Undergrad: 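Submitted below is the structure of interest, expressed as structure tokens.
From a predicted model like this one, the values you see are computed outputs, not experimental measurements.
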Amino acid sequence: MESKMGELPLDINIQEPRWDQSTFLGRARHFFTVTDPRNLLVSGAQLEASRNIVQNYRAGVVTPGITEDQLWRAKYVYDSAFHPDTGEKVVLIGRMSAQVPMNMTITGCMLTFYRKTPTVVFWQWVNQSFNAIVNYSNRSGDTPITVRQLGTAYVSATTGAVATALGLKSLTKHLPPLVGRFVPFAAVAAANCINIPLMRQRELQVGIPVADEAGQRLGYSVTAAKQGIFQVVISRICMAIPAMAIPPLIMDTLEKKDFLKRRPWLGAPLQVGLVGFCLVFATPLCCALFPQKSSIHMSKLEPELRAQIHEQNPSVEVVYYNKGL
């Protein structure tokens, strides 16, 4: 059925994103496509079809009658569901396309049920459980994470989030009610600072692979790992800001109005909707803050690695690495 005489040329680089990743706009377009929740509705058969199109194309076989747009669509559908390094199908809620609907529900509930201790503990725990699944699903394939490390990171992040939430909740008792609404955000920010470095502790011990511009691997760097993890923590916290800062301000105003006083059951769905609206934009835009393929100058690398690279490739001045998500 397939032939070497396909209509599409074989020189389209589908290993890389479709848009220029050196610009913010190009990265934003890429992540709007990657985090599109509609990717979750793609059937198993469509996923398999997309996988075949992509794998055949990489092997030099063009599916007959396919257009360039269809090839890119297949690539993004394939990327949305399969792990880039291991090729395994990612569990549904661990996919990037599940970020908006899942976070919208969890964040909405965290912001709605922030007054009572049991609900604070429950929703912070749900959030960290979801984070653990996402971090495990989107881990870097080169440094497999053990179940024990995963467990440690999960327990520590959950403890950190709950402790921050409850600590701040007791501190804000005597402050204006609006301040209390921002406690969930502080807890999420604190948990991100604990969770991500712990989930990726192996990278902080061993380093992450660094390569030259052509993708030739040059060694492992802990400095690059630290820089990459720092960038991920920053973009995750920024991702939470619009969704956790704008809805509380709106809800605080609305809850004083008669409309909501007469219909208190509307509070949670309204909050979830507002959070969702913010996340649809915040998620891809904050993923795009830093290039996925980040760079670091040779002078910032560890002395031994610098010497090793200089010996093999004296002309290399900047090295590249995958920062993770």
Side-chain angles (χ1 to χ4, degrees), residues 1-102 134 137-142 209 211-217 235 279-281 283-295 320-325:
M1 179 179 151
E2 279 133 349
S3 71
K4 293 274 178 196
M5 294 299 293
E7 294 135 46
L8 267 189
L10 281 169
D11 58 359
I12 301 167
N13 185 4
I14 57 168
Q15 300 287 65
E16 296 292 324
R18 184 172 191 174
W19 297 280
D20 178 10
Q21 295 298 287
S22 63
T23 68
F24 176 73
L25 196 66
R27 294 196 293 272
R29 290 184 73 179
H30 167 66
F31 281 111
F32 265 107
T33 314
V34 170
T35 59
D36 188 339
R38 289 173 303 181
N39 288 337
L40 293 174
L41 305 173
V42 173
S43 69
Q46 285 170 299
L47 282 179
E48 282 306 315
S50 296
R51 177 158 81 165
N52 290 337
I53 290 172
V54 170
Q55 288 181 340
N56 285 342
Y57 188 83
R58 284 177 183 162
V61 180
V62 179
T63 307
I66 194 174
T67 65
E68 186 173 348
D69 279 343
Q70 286 169 327
L71 175 67
W72 281 111
R73 172 80 190 127
K75 172 207 153 53
Y76 273 105
V77 166
Y78 172 76
D79 285 356
S80 80
F82 295 94
H83 191 279
D85 298 320
T86 62
E88 294 167 14
K89 190 184 276 190
V90 175
V91 57
L92 198 70
I93 60 170
R95 297 177 194 171
M96 286 310 280
S97 42
Q99 281 279 332
V100 173
M102 288 297 297
V134 171
S137 305
N138 296 290
R139 69 201 181 283
S140 187
D142 275 350
D212 60 16
E213 208 166 354
Q216 191 68 38
R217 191 169 289 190
S235 57
L279 280 173
V280 164
F281 297 99
T283 305
L285 292 175
C286 292
C287 279
L289 283 176
F290 304 101
Q292 183 66 37
K293 187 178 171 184
S294 285
S295 58
Y320 298 88
Y321 62 91
N322 175 5
K323 74 167 172 59
L325 277 177

Undergrad: Sort and list the pairs that fulfil salt bridge (charged side-chain N to carboxylate O under 4.0 Å, His left out) and have at least one residue in residues 41-51, not counting sequence neighbours.
TA: Glu48-Arg51

Undergrad: So do Ile14 and Val54 actually touch side chain to side chain, heavy atoms under 4.5 Å?
TA: yes

Undergrad: Once you round to the nearest 0.5 Å, how far does CG of Leu47 lie from NZ of Lys89?
TA: 5.0 Å

Undergrad: Rounded to the nearest 0.5 Å, what's the gap from OH on Tyr78 to CZ on Arg73? Could you check?
TA: 15.5 Å

Undergrad: Nearest 0.5 Å please: distance from the CZ atom of Phe31 over to the CG atom of Leu285.
TA: 11.0 Å

Undergrad: Is the backbone N or O of Val90 less than 3.5 Å from a side-chain atom of Arg95, with the two atoms forming a donor-acceptor pair by type?
TA: yes

Undergrad: First locate atom CE of Met96, then atom SG of Cys287, and finally report the distance between them rounded to the nearest 0.5 Å.
TA: 4.0 Å

Undergrad: Between Gln21 (side chain) and Trp19 (backbone), is there a donor-acceptor pair under 3.5 Å?
TA: yes

Undergrad: Taking atom CG of Leu41 as the centre, does the number of heavy atoms from other residues, nucleotides or ligands within less than 6.0 Å exceed 12?
TA: yes

Undergrad: For the backbone of Thr33 and the side chain of Asn39, can you confirm whether one donor and one acceptor N or O come within less than 3.5 Å of each other?
TA: yes

Undergrad: Under a 4.0 Å threshold between the charged nitrogen and the carboxylate oxygen, would Asp20 count as salt-bridged to Arg29?
TA: no

Undergrad: Where do Leu279 and Val100 come nearest, in terms of heavy atoms and distance?
TA: O-CG2, 3.9 Å

Undergrad: List the atom of Gly26, the atom of Thr23, and the distance in Å for their closest heavy-atom pair.
TA: N-OG1, 3.0 Å

Undergrad: Nearest 0.5 angstrom please: Phe281 CZ to Thr35 OG1, how far?
TA: 11.0 Å

Undergrad: Once rounded to the nearest 0.5 Å, what's the spacing between atom NE2 of His30 and atom OH of Tyr76?
TA: 4.5 Å

Undergrad: Counting N and O atoms only, with roles assigned by atom type, does the side chain of Tyr57 sit under 3.5 Å from a partner on the main chain of Ile12, one being a donor and the other an acceptor?
TA: yes

Undergrad: Just jot down the side chain to side chain contact (heavy atoms under 4.5 Å, CB included) partners of Glu16, sequence neighbours excluded, or say none.
TA: Asn13

Undergrad: Which pair of heavy atoms, one from Cys286 and one from Ser235, lies closest together, and at what distance?
TA: O-CB, 3.1 Å

Undergrad: Quickly, which of Ile66, Thr67, Leu71 forms a side-chain contact (heavy atoms from CB on, under 4.5 Å) with Asp69? Name it, please.
TA: Thr67

Undergrad: Check Gln46 against Val42 and note the closest heavy-atom contact, atom names and distance.
TA: CB-CG1, 3.4 Å

Undergrad: So which atom in Ser50 and which in Ala74 form the shortest heavy-atom distance, rounded to 0.1 Å?
TA: CB-O, 3.6 Å

Undergrad: For residues Ile93 and Val134, report the shortest heavy-atom separation together with the two atoms involved.
TA: O-CG2, 4.0 Å

